[in-house]
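See structure below.
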Amino acid sequence: MASPNQKQVYDEQLYKIRHSAAHIMAQAVLERFPEAKLAIGPPIKDGFYYDFDLGRDEEGKLKTFSPEDLEAIEKRMRQIIAGRYPFERRVVSAAEARELFKDQPYKLELIEGLEKGGTDEHGEPIEGPAEISIYKHDGFIDLCRGPHVEHTGQVPADAFKLLHVAGAYWRGDENRPMLQRIYGTAWKNKKQLKAYLNRLEEAKKRDHRKLGRELDLFSTNHEMVGGGLILWHPKGGLIRYLMEEHAKKMHLEGGYEFVYTPHIGRSVLWETSGHLDFYKENMYAPIEIDGQEYYLKPMNCPFHVQIYKSRVRSYRDLPIRMAEWGTVYRYERSGVLHGLTRVRGFTQDDAHLFCAPEQMPQEIDRVLNFSIRLLQDFGFQDFQLYLSTRPEKRVGEEAKWDAAEDALLEALKRSGHPYDIHEGDGAFYGPKIDIYVTDALERPWQLSTIQFDFNLPERFDLTYIGSDGQAHRPYMIHRALMGSMERFFGVLIEHYGGNFPVWLAPVQVKIIPITDAQKDYAFAVAEQLRNAGLRVEVDDSDSRMNAKIRNAQLEKIPYMLVLGAKELDANQVNVRLRNGQRLGAMAVEDFLALVQEALEKKIAI
RNA sequence: GCCCACAUAGCUCAGUAGGUAGAGCACAUUCUUGGUAAGAAUGAGGUCACCGGUUCGAGUCCGGUUGUGGGCUCCA
């Protein structure tokens with residue numbers, strides 16, 4: 001699936017540089033490992049990669065690249081670049097291509113795909129049969145559509161770097177051979193490379209797992225608790241409380257009604273919903289008691305459906321917007337767990353909309369705008385929207401798919417945000433809109449999802465009585481806007497780099513008395529600020545002021561109030577911001593006004 | 001689940017050719033009362049992830065297990 005992360009590189013020159021760098025790397029690898037089989041080596045966002053099959057050693061273990069190999073390969077690449085060998089393109093027949101690559105089984109498979117049409121040399125789908133072309137430089141030949149730079153010297157020797165080795169399946173299929181992939185990054189000049197490496201560094205500093213520990217926000221304990229299960233510490237818990245409080249308030253104002261449902265349900269529920277057929281491998285094993293099997297819920301939908309079904313519904317009741325902060329458990333494969341962003345137990349800001357067909361377009365508009373407003377409140381500015389349309393295997397009437405896709409598309413157009421369409425990428429039970437936000441480092445994250453469900457209304461036989469006195473099938477729309485509290489928190493931590501906006505900062509003000517003589521004054525000011533609703537701590541340790549400031553800085557507390565003899569005499573506070581800025585001495589009332597503004601505007605200083 | 005790498009104090013890491021463990025920070029006690037990012041002393045903290053093997057002897061070498069990290073696959 002194409003997320004924005006994997007999108008093609010649009011800059012023509014960068015594309016050529018990266019693609020050419022991949023070829024040069026393949027040449028260097030072949031020289032060092034003559035028996036290596038080449039797979040594919042495309043340019044990607046920020047760089048390129050190439051997949052190789054190095055075969056197996058005597059013990060049958062896959063041969064791999066060592067860090068020394070990478071160094072040697074990179075060194076050899078620079079020599080090839082210095083050689084300024086021209087890239088020469090030639091169109092060949094399928095037969096000739098097969099002869100050229102007779103020792104390269106993966107290339108032969110690609111040639112077959114090109115000949116038959118339908119896929120290009122990277123295995124990506126294309127229209128019709130493709131022209132088969134090869135590119136040659138310095139004796140190295142690769143099956144390739146191009147384009148490339150004119151000669152190897154045009155790949156800047158000081159603007160690329162091999163980053164790491166990873167395993168990757170041939171054609172992304174876990175049943176096919178595991179290949180060794182070398183990732184590299186390549187840019188037009190040294191400055192760009194440096195900027196990119198800096199961005200990687202910055203991303204590392206903002207890693208929510210690192211900040212989560214440093215700021216004492218959350219932890220996991222794989223030995224005692226289990227992987228993918230999050231322990232929210234007091235400071236993280238407070239932020240979550242504030243996030244939820246704000247979002248829930250918006251939901252109430254937006255016409256949602258809150259419900260609560262259990263964490264487990266009988267197997268018949270999950271049989272009826274179909275989850276035991278198509279989702280079982282992601283569910284925790286059943287709990288058996290009194291001869292009944294109960295499953296931990298992986299989703300809230302079936303429970304909400306039961307609430308809908310608890311009485312006869314009239315068209316006058318619709319739309320129903322049923323919301324729940326629902327905690328679900330999904331058995332994710334061990335290798336995919338990652339900090340807060342991929343976990344096994346999480347709480348969705350879940351809701352289900354039940355509406356009549358004529359209400360549906362309006363409901364879509366409404367929920368899309370609601371989502372964007374909510375995300376904007378958390379400091380996200382840039383949105384990329386994706387519509388995923390009907391896949392080949394699907395349930396539901398064509399007319400409903402038509403109407404739903406149409407409504408989603410129209411809502412996207414009206415939203416005013418950039419959007420794209422992923423043809424055939426919808427779930428089998430309905431089309432959907434996914435909203436990606438761009439964070440402070442311009443990385444995309446998927447948060448909101450708005451999905452039609454044509455499956456559950458049928459399976460549970462949902463109806464409402466229309467004005468004609470007849471039973472009708474309602475539309476059911478599933479939506480999670482923040483996604484999950486865990487994931488959203490992880491993204492938020494990285495977006496702000498731990499510098500939460502004042503309204504979310506667990507501690508908003510740290511009061512720093514310089515000597516014990518100001519302690520009483522410090523506690524008095526703290527009391528005054530607390531009464532105004534602020535979260536305040538007094539650092540009354542016997543550290544020096546410098547150390548207290550440093551600690552408050554490291555805790556990323558927005559405001560520090562330094563109180564010495566001068567402030568005590570003048571009945572003032574001396575304000576320092578966490579960005580190092582010093583606002584000087586002012587009356588407590590003036591400071592409060594300052595904070596009030598930051599709170600209202602939800603700004604991060 | 002698959003490929004690779006890694007696993008030493010709460011955290012970040014050292015541990016040189018195998019000879020029964022170190023630093024900084026954090027923590028505790030004491031001294032220090034100091035104007036915008038670290039004042040000082042002392043102390044407490046580890047069966048070197050776990051199991052097995054080689055060896056007179058294993059944090060160090062070998063195998064396995066578990067976990068973590070980077071990827072792949074998956075992500076209703």
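All figures in this text were calculated on a predicted structure; none of them were measured in a lab. Below, each value reflects all heavy atoms present in this structure, side chains not excepted, and no hydrogens, waters or symmetry copies. Order of the sequence lines sets the chain letters (A, B, ...), proteins ahead of strands, with each chain counted from 1.
- With rounding to whole Å, A/E332 atom CD is found 16 Å from B/C72 atom C1'.
- Nucleic acid contact for A/A565: base, since at least one base atom lies under 4.0 Å from a heavy atom of the residue.
- Taking the P atom of each, B/G10 and B/C4 are spaced 31 Å apart, rounded to whole Å.
- Listed candidates were B/U73, B/U32, B/C75. Nearest to the side chain of A/V336 is B/U73.
- With hydrogens and angles ignored, no donor-acceptor pair closer than 3.5 Å exists between the side chain of A/R176 and the base of B/C2.
- Rounded to whole Å, the distance from CD1 on A/I549 to P on B/U36 is 7 Å.
- Residue A/R209 has a polar side-chain atom (N or O) positioned under 4.0 Å from OP1 or OP2 of B/G69.
- Atom CG in A/N546 sits roughly 13 Å away from atom P in B/G34 (whole-Å rounding).
- For A/D53 and B/C3, the CG to P distance is 14 Å, given to the nearest whole Å.
- Of the inter-residue distances, the one linking A/K205 atom NZ with A/E214 atom CD reads 11.5 Å to the nearest 0.5 angstrom.
- Here, B/A41 and B/G24 have their P atoms 10 Å apart, quoted to the whole Å.
- A donor atom on one side chain and an acceptor atom on the other are found under 3.5 Å apart for A/H233 and A/S219.
- Rounded to whole Å, the separation between the C1' atoms of B/G1 and B/A58 comes to 33 Å.
- Ring centroids of A/Y329 and A/F346 are separated by 6.0 Å or more, keeping the two rings apart.
- Looking at heavy-atom distances under 4.0 Å, A/D173 makes no contact with the nucleic acid at all.
- Across the interface with RNA chain B, nearest-nucleotide mapping of A/N574 and A/A427 shows A/N574 to be the residue nearer the 5′ end.
- Contact annotation: side chain of A/E567 to base of B/G35, donor-acceptor pair present below 3.5 Å.
- Note on A/H338: a side-chain N or O is less than 4.0 Å away from OP1 or OP2 of B/G70.
- If you measure from atom CG of A/L337 to atom P of B/C75, you get 16 Å, rounded to the nearest angstrom.
- Scanning both residues, A/E332 and A/N282, for their nearest heavy atoms gives OE1-OD1, 4.1 Å.
- For A/K280, the NZ atom is loosely surrounded, since the number of other residues' heavy atoms within 6.0 Å does not exceed 12.
- One C1' atom belongs to B/G53, the other to B/A38, and the distance between them is 48 Å to the nearest Å.
- Within the nucleic acid shown, A/A166 comes within 4.0 Å of at least one base atom, counting heavy atoms only.
- Contact annotation: A/R213 does not reach the phosphate of B/C25 (side-chain N/O to OP1 or OP2, under 4.0 Å).
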Canonical and wobble pairing (Watson-Crick, G-U, under 3.5 Å) of RNA chain B, dot-bracket with |:
(((((((..((((.....[..)))).(((((.......))))).....(((((..]....))))))))))))....
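- Nucleotides B/C48 and B/C31 have their P atoms positioned 38 Å apart, rounded to a whole Å.
- Because its NZ or CZ atom is both nearer than 6.0 Å to the ring centre of A/Y475 and within 45° of the ring axis, A/K400 counts as a cation-pi partner of that residue.
- The CZ-P distance, from A/R550 to B/C25, rounds to 10 Å in whole Å.
- The distance from atom CH2 of A/W445 to atom OG1 of A/T341, rounded to the nearest 0.5 Å, is 5.5 Å.
- With its glycosidic angle more than 90° from 0, B/G71 is assigned anti.
- Nucleic acid contact for A/G172: sugar-phosphate only, since backbone atoms but no base atoms lie under 4.0 Å from a heavy atom of the residue.
- Among the heavy atoms of the strands lying under 4.0 Å from A/K566 is at least one base atom, whether or not backbone atoms are also near.
- Taking atom P on both B/A7 and B/A49, the two are 8 Å apart, rounded to the nearest angstrom.
- Listed pair A/R576 / B/A37 meets the phosphate criterion, a side-chain N or O lying under 4.0 Å from OP1 or OP2.
- When rounded to the nearest whole Å, the span between CD of A/Q553 and C1' of B/A37 equals 6 Å.
- Put simply, the side chain of A/R330 and the base of B/C75 share no donor and acceptor less than 3.5 Å apart.
- Separating the C1' atom of B/U12 from that of B/G18 is a span of 27 Å, rounded to the nearest Å.
- For A/R342, the listed nucleotide lying nearest its side chain is B/C75; candidates were B/G34, B/C75, B/C3.
- Each of A/K210, A/R443, A/R209, A/R206 was compared with A/E494 under the side chain to side chain donor-acceptor pair (under 3.5 Å) criterion, and only A/R443 meets it.
- Set against B/U33, B/C3, B/U36, the side chain of A/R582 has B/U36 as its closest nucleotide.
- Phosphate contact (OP1/OP2 of B/C72, side-chain N/O of A/Y183, threshold under 4.0 Å): present.
- Remark: the A/Y169 side chain and the B/G1 base include a donor-acceptor N/O pair separated by less than 3.5 Å.
- Nucleotides B/A23 and B/G35 have their P atoms positioned 33 Å apart, rounded to a whole Å.
- Positionally, the nearest nucleotide of RNA chain B for A/G580 lies more toward the 5' end than for the other of A/G580 and A/N282.
- Rounded to an integer number of Å, the gap from A/R181 CZ to B/C3 P is 16 Å.
- The minimum heavy-atom distance linking A/H304 with A/F354 is given by the pair O-CZ, 4.3 Å.
- The side chain of A/M545 approaches B/G35 more closely than any other nucleotide in the set B/G39, B/G35, B/G67.
- Aromatic ring centres of A/Y295 and A/Y284: separated by at least 6.0 Å.
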